[in-house]
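As structure tokens, the structure follows; a few thoughts come after it.
Just so it is clear: chains get the letters A, B, ... in the order the sequence lines come, proteins before strands, and each one is counted from 1.
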Protein chains: 2
Amino acid sequence: MRKYCERWGHKLRHHGYKCTATREIILEILNSTDDHLSPEDIYMVAHKNYPNIGLTTVYRTLDMLVKLGMVQKFDFGDGRSRYELSEDQGHKKHHHHLICIKCGKILDYSEFIEEELGLLKKIEEKLGEKYKFKINDHIMQFNGVCDQCTS
Amino acid sequence: MRKYCERWGHKLRHHGYKCTATREIILEILNSTDDHLSPEDIYMVAHKNYPNIGLTTVYRTLDMLVKLGMVQKFDFGDGRSRYELSEDQGHKKHHHHLICIKCGKILDYSEFIEEELGLLKKIEEKLGEKYKFKINDHIMQFNGVCDQCTS
DNA sequence: CTACCTGCAAACTCTTTGCAAGCAG
DNA sequence: CTGCTTGCAAAGAGTTTGCAGGTAG
């Protein structure tokens, strides 16, 4: 096992993928932020430690991680995709989003999470059964206008 | 008032916009389907009755309708945006979405709508207050794999 | 050593912008 | 008439693909 594969290597190999420096770096970046990074964002951060990395690889790696369920992809309507480490992978706790449709600001909230998750889980079961869907995850967000953008 | 403005003209003019044939057509298309149309979809349908329409106009009109709150924009992760008439504008009743991440199929469900809306409304109020957000709407969807794509 | 992985460049797709002509009010 | 609206062509932005060289296992 390569030295840079300490943290995520096992999981990658378990799914039949090789552990490489770029994959480890991308996962590490996602794990050490609370932001909602775009591929370009991730590319720019990674570039500091690993100047050879290509944007293409970031896209390909994110695609793979989403398929493995290790990362979740979001779209907040500003024309670029955003990625977050799944809650069971790293430090993050479950949260939902509040989006300002004017400035694009994204707030995470987790105030009502217990209550929401209770209902979501119940619905997930019933819908899965009725529509024969194997449900993986959900997206729940509120859209509005933030304080600064109101004035 | 022009003859083609019977249905939506009033609302458009009320917001300071002119009523034109293309706007009426686009609204009519959205009102007469249960699908989740992309700008291209709308353009192709409109083109049959009104061959001169341009794709650009479809984009501009949809933008405007979203800003007025008459139409809601969605992103189901397949690289194109989707539009639906808002529930208070036409025939549709409130529903949420169930998306197959493999084939892109979109199912509308409204089984638990009452229960969901109760909770959503409550959360909307509390979050709006706490984070000083003027919340307009919400997006709630489940992602999974449908029956056909499982096998 | 072999199959997977990577970076580069180019291609692609969806969306937006500039502008002159057209039409609603 | 006047300024909003439209269609066309072209530009822009984000994402994907082809391919030859590189590297994990």
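Distances shorter than 4.0 Å separate none of the side-chain N or O atoms of B:Thr20 from OP1 or OP2 on C:dA24. Under 4.0 angstrom from either OP1 or OP2 of D:dA24 there lies no side-chain N or O belonging to A:Arg13.
Remark: C1' of C:dA3 and CG of A:Leu12 are 17 Å apart, rounded to the nearest angstrom. Rounding to whole angstrom units, CD1 of residue B:Ile53 and P of D:dG7 are separated by 6 Å. Spacing between atom CZ of A:Arg23 and atom P of D:dA24 amounts to 11 Å, rounded to whole angstrom units. If you take CG of B:Leu37 and C1' of C:dC14, they are 16 Å apart, rounded to a whole angstrom. The nearest whole Å value for the distance from the CD1 atom in A:Ile25 to the P atom in D:dT23 is 14 Å. Rounded to whole Å, the distance from CD on A:Glu24 to C1' on D:dA24 is 14 Å. The distance between atom CD1 of A:Ile26 and atom P of C:dG7, rounded to the nearest whole Å, is 9 Å. For A:Tyr17 and C:dA3, the OH to C1' distance is 14 Å, given to the nearest whole Å.
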Could you pull out all donor-acceptor pairs under 3.5 Å where a side-chain atom in residues 48-66 of chain A meets a protein atom, sequence neighbours excluded?
from    : atom 1 : to      : atom 2 : distance (Å)
A:Thr61 : OG1    : A:Thr57 : O      : 2.7

Pairs of donor and acceptor atoms involving the side chains of residues 21-30 of chain A, under 3.5 Å and at least two apart or interchain, shall be tabulated with distances.
from    : atom 1 : to      : atom 2 : distance (Å)
A:Thr22 : OG1    : A:Thr20 : OG1    : 3.2
A:Arg23 : NH1    : A:Lys18 : O      : 2.8
A:Glu24 : OE2    : A:Arg7  : N      : 3.4
A:Glu28 : OE1    : A:Trp8  : NE1    : 3.0

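Taking the salt bridge (charged side-chain N to carboxylate O under 4.0 Å, His left out) definition, one finds that A:Glu115 meets it with B:Lys122, sequence neighbours left out. Partners of B:Tyr43 by ring-ring contact (aromatic ring centres under 6.0 Å, His included), not counting sequence neighbours, listed by chain and number: B:His47. For B:His15, the ring-ring contact (aromatic ring centres under 6.0 Å, His included) test picks out no residue, with sequence neighbours left out. In this view, B:Lys92 and B:Glu84 satisfy the salt bridge (charged side-chain N to carboxylate O under 4.0 Å, His left out) rule, not counting sequence neighbours.
Between the axis at the start and the axis at the end of the helix from C:dC1-D:dG25 to C:dG25-D:dC1 there is an angle of 50°, using five pairs per end and rounding to 10 degrees.
A disulfide is not assigned to B:Cys146 and B:Cys100, since their SG atoms are no nearer than 2.5 Å.
Nearer to the 5' terminus of DNA chain D, by closest-nucleotide assignment, is the contact made by B:Gly16 (compared with the other of B:Gly16 and B:Pro51).
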Distances under 3.5 Å between nitrogen or oxygen atoms of protein and nucleotides 13-16 of chain D:
from   : atom 1 : to      : atom 2 : distance (Å)
D:dG14 : OP1    : A:Arg80 : NH1    : 3.4
D:dG14 : OP1    : A:Arg80 : NH2    : 3.0
D:dT15 : OP1    : A:Ser81 : N      : 3.1
D:dT15 : OP1    : A:Ser81 : OG     : 2.8
D:dT15 : OP2    : A:Tyr59 : OH     : 2.3
D:dT15 : O5'    : A:Tyr59 : OH     : 3.1

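For the ring-ring contact (aromatic ring centres under 6.0 Å, His included) with A:His97, the lone residue among A:Phe142, A:Phe74, A:Tyr109 that qualifies is A:Phe74.
Using a 4.0 Å heavy-atom criterion, one finds that B:Tyr43 contacts no nucleic acid atom at all. Across all strands, B:Arg60 comes closer than 4.0 Å to base atoms (heavy-atom distances).
The side chain of B:Thr61 lies closest to D:dT6 when the candidates are D:dT6, D:dG7, C:dG25. In the set C:dT6, D:dT6, C:dG25, C:dG25 carries the atom at the smallest distance from any side-chain atom of B:Lys18.
Using a distance-only test at 3.5 Å, with no hydrogens or angles considered, a donor-acceptor pair links the side chain of B:Ser86 to the main chain of B:Met70.
The salt bridge (Lys or Arg N to Asp or Glu O under 4.0 Å) contacts involving residues 124-143 of chain A comprise A:Lys130-B:Glu111, where partners must be two or more places apart or lie in separate chains.
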